[in-house]
Amino acid sequence: MTLEPGRTYGASISYTKDDDSKIGDVFTVSKSNREALKFPRWAPSWDPKEDHKFEHLKPFRHIDRGLFGDPTFKSLREDNKDVTFRKVSPKFGLEVDGIQLSTLSNKQKDDLALLVETAGVVAFRNQDFKLQEFDKIKDWAKYYGPLDVHATSGAPINHPEFHIVFKRSDPDHHLKVFEQTLNNIYWHSDVSYEPQPPGVTLFAMLETGLGGDTQFLDSFEIYDRLSPLMKKKLEGLKVLHSSKEQAAQNTFEGGIERKKAVESIHPLVRYHPVLKRKFLYINSVFSKRVLGLKAEESENLMSFLNKHSASCLDAHVRLQWDENTVVLWDNRRVLHTGTSDFNTTDIRHAFRVTTMAERPFENEQEYENWTPEQEEENIKLKDHYLGLSPAQYYEETSNK
Ligand SMILES: O=C(O)CCC(=O)C(=O)O
Ligand SMILES: [Fe+2]
């Protein structure tokens, strides 16, 4: 990994030394950048008082609201006369208009969870979330699970549960993105290194010019395309997901770290407890190696799977933003990437609220048998497994 001044890691989300302006003790973007914003209260900030203030979530039992959803989505369709549902592709992605997310009842929110899980990603037009109080938006989202506090990204002051994506109106800053790379496509699943990574994820646009579509891949379809023999070979494999590089880039830039870097071991093939289907759970940003393989074996397998995903543009949609669009996706079963094709002088400003879900499971049985106590024990064994040689790993795990 190369550490470079001003290089934003993935999207424009991290602290950079350019952000040398302060409000009191809190770092934020420069006054002129703030004043240029349509929604200055959403400017990204990094509060030194939050440095190492947060812990990664302890194991918790996730009750997915999608389990209570009605597969006809009646409450969303019938209570709103003017609602329109438009498929973006036959199996994946949906656009909805005529529903105001911020006003939904709990019953409707259950249907919404199932809708997002079933479609994978849903764009809701004409939304008013960005005008709501921060606490109201957080309360709305908490219905789906505890909120992630991102270790390093910008957030509104005193509300670290929001993750701000911000591209300033500065051609020089933007051009740095392409100084060292040919493109800025980075297929990932948000914070997959967390022990219980996100499910329902909400991304709301505040301000944008043309471009900057977010692109999504359907990991069910990516898994289903594999041959039966390949599926069989992948069964039981475990992958290390890590935030260490993200943390290192942040430390290099002098940003705050709200919580320590974290590593988790997740199954390569993951089971969706609501949809009861398997999908490929690996991404090119946070997945680091396959346990029990030698370095080149792991690199080649991961490279094959990541290339397979990235080239499946026939299992893919890209959603165009406007300033009142909110997109919800199921961060388990989709990969996504930003698209850095904006005009360099345009501002792009958005926020994400990320709700945490179940510990990734390989199959239904693991899901049914899981307990938080057992998970505490597994977490204690993590470093042990990470330290084993391929031969030792095989010896210890081949009968399990
Ligand atoms: O800006 C986008 O379209 C996506 C950003 C993103 O994936 C992220 O912040 O994790
Ligand atoms: Fe993301």
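Numbering starts at 1 and runs along the sequence shown. Atoms within each ligand, like the ligands themselves, are counted from 1 in listed order.
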Inset, instruction - List every atom of ligand 1 that sits less than 4.0 Å from any heavy atom of V165, numbering the atoms from 1 in the order shown and giving each element. - result: 1 (O), 9 (O)
Inset, instruction - Between T339 and ligand 1, find which residue part has any heavy-atom pair under 4.0 Å and reply side chain, backbone, both or neither. - result: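 The answer is neither.
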Legend entry - Subset of ligand 1 atoms that lie under 4.0 Å from at least one heavy atom of D190: 10 (O)
Inset, instruction - Taking only heavy atoms of R352 into account, list the atoms of ligand 1 that are under 4.0 Å away from them. - result: 8 (C), 9 (O), 10 (O)
Legend entry - Derivation of the side-chain hydrogen bond (donor to acceptor under 3.5 Å, both in side chains) call for N306 and H308: CA-CA 5 Å; N306 285 326; H308 159 52; over 6 Å; no
Inset, instruction - Decide whether L240 and L280 are clustered together by the hydrophobic rule: side chain heavy atoms of Ile, Leu, Val, Met, Phe, Trp, Tyr closer than 4.5 Å, transitively. - result: no
Inset, instruction - Assess the pair F279 and F220: is the distance between their ring centroids shorter than 6.0 Å? - result: yes
Legend entry - Y186 N/O to ligand 1 N/O under 3.5 Å: no
Inset, instruction - Find all atoms of ligand 1 within a distance of less than 4.0 Å from any non-hydrogen atom belonging to H163, and give their numbers and elements. - result: 8 (C), 9 (O), 10 (O)
Inset, instruction - Would you tell me which option among K167, H150, H336 has the nearest heavy-atom contact to atom 7 (O) of ligand 1? - result: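 Minimum heavy-atom distance to atom 7 (O) of ligand 1 goes to H336.
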Inset, instruction - Mind listing the protein N/O/S atoms less than 2.8 Å away from the Fe ion (ligand 2)? Waters don't count. - result: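 Listed by chain and number, the nearby protein N, O or S atoms are H188 NE2, D190 OD1, H336 NE2.
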Legend entry - Y367 ring center near H272 ring center (under 6.0 Å): no
Inset, instruction - Could you tell me which atoms of ligand 1, counted from 1 in the order shown, lie closer than 4.0 angstrom to a heavy atom of T214? - result: 2 (C), 3 (O)
Inset, instruction - Tell me, please, which residues at least two apart from K136 pass side-chain contact (heavy atoms from CB on, under 4.5 Å). - result: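 Listed in chain order: Q132, E133.
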Inset, instruction - Look at the side chain of D341 and the backbone N and O of G212, then say whether any donor-acceptor pair between them is shorter than 3.5 Å. - result: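 Yes: the side chain of D341 pairs with the backbone of G212.
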Legend entry - Geometric cation-pi criterion, R77 with F73: 6.0 Å, 45°: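 Here R77 fails the 6.0 Å and 45° test against F73.
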Inset, instruction - Would you please name every residue forming a side-chain hydrogen bond (donor to acceptor under 3.5 Å, both in side chains) with W42, sequence neighbours left out? - result: none
Legend entry - ring-ring contact (aromatic ring centres under 6.0 Å, His included) assessment of W187 paired with F216: CA-CA 8 Å; W187 290 109; F216 297 87; 8.3 Å; no
Inset, instruction - Could you tell me if any non-hydrogen atom of W321 lies under 4.0 Å from any atom of ligand 1? - result: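 Heavy atoms of W321 never come under 4.0 Å of ligand 1.
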Legend entry - From Q215 atom CD to R318 atom CZ, the distance as rounded to the nearest 0.5 Å: 4.5 Å
Legend entry - ligand 1 to D213 polar contact by distance, N or O atoms, under 3.5 Å: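 No, since none of the N or O atoms of D213 sits under 3.5 Å from an N or O of ligand 1.
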Legend entry - Contacts of S242 that satisfy side-chain contact (heavy atoms from CB on, under 4.5 Å) - sequence neighbours left out: K244, E263, K288
Legend entry - N or O pair under 3.5 Å between T337 and ligand 1: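 No; every N/O pair is 3.5 Å or more apart.
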